[in-house]
Amino acid sequence: MSSYAITGASKGIGREFVRQLAADTNNTVLAIVRDLKSPGISELASNHPNLHVIKGDVTDPKSILEAASAAAAITGGKLDVLIHNSNAVDLATAFSNPTQLPFDAQATRAIFEPSLSTGVYGGIWTTNAFLPLIEKGVQKKIVHISSAMADLELIKKTGVSYSVPYSVSKAGVNVQVTKYAAELAPKGIKVLALSPGWVDTWEGEKPPQLLQANEIMLKQFQAVEPELKGQIQPEESVRKSLQVIARLDSETSGLLLSHNGNNTRWF
Ligand SMILES: NC(=O)c1ccc[n+]([C@@H]2O[C@H](COP(=O)([O-])OP(=O)(O)OC[C@H]3O[C@@H](n4cnc5c(N)ncnc54)[C@H](OP(=O)(O)O)[C@@H]3O)[C@@H](O)[C@H]2O)c1
């Protein structure tokens with residue numbers, strides 16, 4: 001019997017982690033969401049007695065500490081695997097190149113804020129809040145969902161010059177993961193940055209701008225993977241990611257790996 005906590009579980013990849021993990025009735029699954037009424041997750045919870053939905057905002061230290069306390073009350077103070085998946089971006093500037101960012105300190109900070117708050121600061125607060133539970137767990141694994149958009153080789157080869165705050169935040173996440181891995185290795189705790197692939201998590205019909213952006217990205221990504229046809233579905237991303245998490249050990253702790261289990265094939 002294993003226990004898992006997943007942040008950002010209301011939709012997309014986070015909710016798919018919850019769906020696949022809760023399908024095994026031997027697992028105890030803790031879905032951390034900002035809004036307990038998020039329709040996708042409350043519907044799942046009503047069909048799975050082993051799934052518990054907990055309120056928690058990773059950008060608020062008090063809120064995520066309370067979420068960890070609520071989790072401890074359910075699991076008896078222990079947790080096997082923490083998956084920090086939450087992410088937010090400033091959509092208005094997501095496709096800006098670095099030279100287009102404003103010469104305005106306040107505006108620049110505001111553009112970086114959602115990504116840094118969820119990925120970098122949120123990653124620290126979530127990890128530190130759940131660490132006492134992980135220390136008492138059996139598997140002792142902490143996973144931060146990162147992105148190949150922070151892989152320097154991939155940026156160079158594909159020419160993806162936009163998505164600056166998101167990529168910078170994920171690069172920070174990757175460094176933090178290695179720092180945590182170095183600190184926590186003596187306690188037998190493994191920490192991984194995991195890129196889930198290029199995944200279609202848009203809900204509903206895609207607006208024309210998004211379809212156009214996806215076309216541009218596909219052409220750029222094909223520079224490294226000519227056979228790539230498009231985004232994968234959350235089911236495939238999470239199924240493969242869970243295999244990578246299952247294999248996580250002291251050798252791979254501290255690395256950024258893709259859902260394919262390596263740092264060469266990102267799609
Ligand atoms: N999709 C891809 O192609 C792709 C590729 C590489 C990496 N990733 C990474 O995979 C992860 C999941 O991506 P996704 O596509 O599934 O994203 P998504 O559909 O946008 O979902 C993001 C999740 O983060 C939550 N979130 C946002 N702000 C939050 C906050 N302040 N506190 C707590 N939760 C918050 C959202 O919850 P609310 O409903 O409360 O807003 C939502 O559940 C992210 O870390 C992303 O960077 C995705």
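In each ligand, atom 1 is the first atom listed, and ligand 1 is the first ligand listed. These numbers were taken from a predicted model, which means no experiment stands behind them. FYI, side chains are in, hydrogens and waters are out, and symmetry mates aren't considered; it's all heavy atoms of this structure. Positions are given from 1 along the sequence.
One N or O on the side chain of N50 and one on the backbone of N27 form a donor-acceptor pair closer than 3.5 Å. Listed for the N262 side chain is a donor-acceptor partner under 3.5 Å among the backbone atoms of T264. With hydrogens and angles ignored, the 3.5 Å screen pairs a side-chain donor or acceptor of K141 with a backbone N or O of I245. Between the side chain of T252 and the main chain of D249, a donor-acceptor pair closer than 3.5 Å is present. Using a distance-only test at 3.5 Å, with no hydrogens or angles considered, no donor-acceptor pair links the side chain of T126 to the main chain of G123. For D57 (side chain) and T59 (main-chain N/O), a donor-acceptor pair under 3.5 Å exists by modelled atom type. For N174 (side chain) and L256 (main-chain N/O), no donor-acceptor pair under 3.5 Å exists by modelled atom type. Formation of a donor-acceptor pair under 3.5 Å by the K190 side chain with backbone atoms of G188 is found in this model.
The closest protein non-hydrogen atom to atom 44 (C) of ligand 1 is N85 O, 3.2 Å. The closest protein non-hydrogen atom to atom 22 (C) of ligand 1 is N87 O, 3.8 Å. Scanning all protein heavy atoms for the shortest distance to atom 20 (O) of ligand 1 gives K11 CE, 4.0 Å. Ranking protein heavy atoms by distance to atom 14 (P) of ligand 1, first place goes to T201 OG1, 3.7 Å. In this structure, atom 10 (O) of ligand 1 lies nearest to the protein heavy atom I145 CG2, 3.2 Å. Of the protein's non-hydrogen atoms, Y166 OH, 3.6 Å is the one closest to atom 46 (C) of ligand 1.
Distances between N or O atoms of S86 and those of ligand 1 include at least one value under 3.5 Å. Between D57 and ligand 1, a contact under 3.5 Å exists for at least one N or O pair. Considering backbone and side-chain N/O atoms, S195 never comes within less than 3.5 Å of an N/O atom of ligand 1. In terms of N/O distances under 3.5 Å, ligand 1 is approached by S10. For ligand 1, the polar-atom distance check finds no N/O of Q231 at less than 3.5 Å from any of the ligand's N/O atoms. For ligand 1, one of its N or O atoms has an N or O atom of R34 under 3.5 Å away. For ligand 1, one of its N or O atoms has an N or O atom of G8 under 3.5 Å away.
At a 4.0 Å heavy-atom cut-off, ligand 1 touches S146 through the backbone alone. At a 4.0 Å heavy-atom cut-off, ligand 1 does not touch M149 at all.
Proximity of D35 to ligand 1 is not established, as no heavy-atom distance is less than 4.0 Å. Ligand 1 lies nowhere less than 4.0 angstrom from a heavy atom belonging to W202.
Residue H84 is tested with T7, T118, T127 for a side chain to side chain donor-acceptor pair (under 3.5 Å); the sole match is T7. Evaluated for a side-chain contact (heavy atoms from CB on, under 4.5 Å) with K170, the options S195, S115, P165, S146 yield exactly one hit, S146.
W198 and F221 have perpendicular rings, their planes meeting at more than 60° on a 0 to 90° scale where under 30° would count as parallel.
When the shell of 6.0 Å around NZ of K179 is examined, it contains 12 or fewer heavy atoms from other residues, nucleotides or ligands.
Listed by number with element, the atoms of ligand 1 under 4.0 angstrom from any heavy atom of T59 are 31 (N). The atoms of ligand 1 that sit less than 4.0 Å from any heavy atom of W198 are 3 (O). Interface of G12 with ligand 1, defined as ligand atoms under 4.0 Å from a residue heavy atom, comprises 16 (O), 19 (O).
Of the candidates I13, V199, N214, I13 brings a heavy atom nearest to atom 48 (C) of ligand 1. Among S169, G197, S147, the residue whose heavy atom lies closest to atom 5 (C) of ligand 1 is G197.
A side-chain N or O of S2 and one of Q139 form a donor-acceptor pair less than 3.5 Å apart.
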